[in-house]
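Below is one structure, written out as structure tokens; comments come after it.
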Protein chains: 2
Amino acid sequence: MPGTNLDFPARLRAAGLRPTRQRVALARLLFEGGHRHVTAESLHVEVKTAQMPVSLATVYNALNQFRDAGLLREVVVAPGRSYFDTNTGHHHHFFVEPDGALHDFPSDKVTIAGLPAPPKGTRLSRVDVIVRVRR
Amino acid sequence: MPGTNLDFPARLRAAGLRPTRQRVALARLLFEGGHRHVTAESLHVEVKTAQMPVSLATVYNALNQFRDAGLLREVVVAPGRSYFDTNTGHHHHFFVEPDGALHDFPSDKVTIAGLPAPPKGTRLSRVDVIVRVRR
DNA sequence: TGCAGTCTTTAGAATTGTTCTAAAATTCTT
DNA sequence: AAGAATTTTAGAACAATTCTAAAGACTGCA
Ligand SMILES: [Mn+2]
Ligand SMILES: [Mn+2]
Ligand SMILES: [Zn+2]
Ligand SMILES: [Zn+2]
């Protein structure tokens with residue numbers, strides 16, 4: 001992660017969030033390695049395993065706040081479960097159907113041509129491409 | 001709907017489903033007009049309004065069975081709610097963010113080039129393009 | 001047409017993922 | 001360190017969906 005700020009308290013402050021013990025622990029898990037796709041439940045298990053117990057409500061709060069602050073993006077691929085993505089740049093996803101695994105792929109090689117104009121009175125917000133694959 | 005079979009009992013039988021009173025009523029609502037996007041809840045309200053009460057559990061059962069039989073396809077656009085689509089042909093969607101409205105657009109004018117190969121050991125299943133727009 | 005066998009429907013309970021509540025704990029400012 | 005504001009937390013509440021098991025409906029075959 002070249003150019004990534006590893007001073008998590010500072011990054012949280014910059015995002016308008018108090019660098020609490022819990023938020024710093026979660027930010028470390030989320031942002032100090034490569035890009036990740038997590039669910040609230042998977043991150044909660046992880047933070048417990050790392051001997052840093054954080055309540056499930058706090059995990060949900062933090063994920064929603066991080067998303068609202070632009071630190072994460074939410075990816076909707078399966079009904080009834082939200083994935084949060086530490087990669088906030090332009091990219092798309094492979095979704096492996098039975099397991100629920102998500103893989104990034106860069107959007108810069110992908111060209112989408114011929115998209116119709118947005119319905120009247122609306123502005124484009126984002127184009128999501130989900131390539132569903134099965135084993 | 002040219003070429004569409006309006007004999008719902010026959011269509012259900014062809015799909016391997018007994019043409020019960022409830023399934024026929026739901027199929028009529030779903031398939032006798034143009035293409036539609038429904039949720040279990042919205043279809044349940046509709047069938048109640050049409051004076052043919054069907055339990056919510058049956059609406060869920062029927063939507064899942066119709067999907068498994070290829071009569072419907074499930075579209076995942078928002079966390080925590082499933083949309084079912086009577087258009088099972090190749091097409092993509094506009095999703096209007098605050099209201100949750102879905103609009104089809106044909107995929108034949110849209111070209112997606114440069115998609116990477118599926119991850120090792122997987123086969124392509126479907127490519128979903130969701131164009132998110134806001135007012 | 002009558003039955004038996006199988007499948008379906010249903011109400012309500014259960015489950016799952018997520019949000020809310022309000023009291024206790026922490027963080028920030030001075 | 002004190003006071004004010006924010007955050008955390010356990011548990012309750014909620015929303016969408018699935019499950020349970022008993023009652024009802026459909027079908028094939030007499
Ligand atoms: Mn959310
Ligand atoms: Mn389902
Ligand atoms: Zn991603
Ligand atoms: Zn559609």
Length of the CG-C1' vector between B:Leu56 and C:dT15, whole Å:
15 Å

With a 4.0 Å cutoff (strictly under), does any side-chain N or O of B:Asn64 reach OP1 or OP2 of D:dT18?
yes

Tell me every residue that passes side chain to side chain donor-acceptor pair (under 3.5 Å) with A:Ser55, counting only those two or more places apart in sequence or in another chain.
A:Thr58

Of the nucleotides D:dT17, C:dT18, D:dT9, which has the atom closest to the A:Ser55 side chain?
D:dT9

Taking atom P of D:dC26 as reference, at what distance in whole Å does atom CZ of B:Phe8 sit?
18 Å

Please tell me which of B:Arg81 and B:Asn61 maps to the more 5' nucleotide of DNA chain D, matching each residue to the nucleotide holding its nearest heavy atom.
B:Arg81

Could you list all the side-chain hydrogen bond (donor to acceptor under 3.5 Å, both in side chains) pairs where at least one residue sits in residues 18-30 of chain A, not counting sequence neighbours?
A:Arg23-A:Gln65

Using the salt bridge (Lys or Arg N to Asp or Glu O under 4.0 Å) rule, collect all pairs that involve residues 44-53 of chain B, keeping only residues at least two apart or in two chains.
B:Arg36-B:Glu46

Could I get the full list of salt bridge (charged side-chain N to carboxylate O under 4.0 Å, His left out) partners for A:Asp99, not counting sequence neighbours?
A:Arg135

Polar atom pairs (N or O), protein with nucleotides 11-14 of chain D, under 3.5 Å:
none

Please report how far the helix from C:dT1-D:dA30 to C:dT30-D:dA1 bends, comparing the axis fitted to its first five pairs with the axis fitted to its last five, to the nearest 10 degrees.
30°

Applying side chain to side chain donor-acceptor pair (under 3.5 Å) to B:His93 and not counting sequence neighbours gives B:His37, B:Asp85, B:His91, B:Asp104

Which distance, rounded to the nearest 0.5 Å, do you find between the OG1 of B:Thr86 and the CZ of B:Phe31?
6.5 Å

Tell me whether the side-chain N/O atoms of A:Tyr60 come closer than 4.0 Å to OP1 or OP2 in C:dT19.
no

With sequence neighbours excluded, tell me which residues meet side chain to side chain donor-acceptor pair (under 3.5 Å) with B:Asp108.
none

Take atom CG of A:Leu12 and atom P of D:dT6, then tell me their distance rounded to the nearest Å.
17 Å

Integer-rounded Å distance: C:dG17 P and A:Phe84 CZ
14 Å

Specify the separation, in whole Å, of atom CG of B:Leu43 and atom P of D:dA16.
15 Å

Taken to the nearest whole Å, CD/A:Gln65 to C1'/C:dC20 is 14 Å

Partner residues of A:Arg13 under the side chain to side chain donor-acceptor pair (under 3.5 Å) criterion, sequence neighbours left out
none

Report the residues that fulfil side-chain contact (heavy atoms from CB on, under 4.5 Å) with B:Ala50, sequence neighbours left out, ordered by chain and then residue number.
B:Met52

CZ of A:Arg13 versus P of C:dC28: gap in Å, rounded?
6 Å

Where along residues 14-28 of chain A does a heavy atom fall under 4.0 Å from DNA chain D?
A:Arg18, A:Thr20, A:Gln22, A:Arg23

Please lay out, stage by stage, how B:Phe95 and B:Val75 fare under the test side chain to side chain contact (heavy atoms under 4.5 Å, CB included).
CA-CA 11 Å; B:Phe95 182 62; B:Val75 185; over 6 Å; no

Are A:Thr58 and D:dT9 close enough that a side-chain N or O sits under 4.0 Å from OP1 or OP2?
yes

How many whole angstroms separate atom CD of A:Glu41 from atom C1' of C:dT16?
10 Å

Kindly state each residue pair satisfying salt bridge (Lys or Arg N to Asp or Glu O under 4.0 Å) with at least one member in residues 110-126 of chain B, sequence neighbours excluded.
B:Arg126-B:Asp128

Does the pair B:Tyr83 and B:Val38 meet the rule for a side chain to side chain contact (heavy atoms under 4.5 Å, CB included), with working shown?
CA-CA 6 Å; B:Tyr83 288 77; B:Val38 304; over 6 Å; no

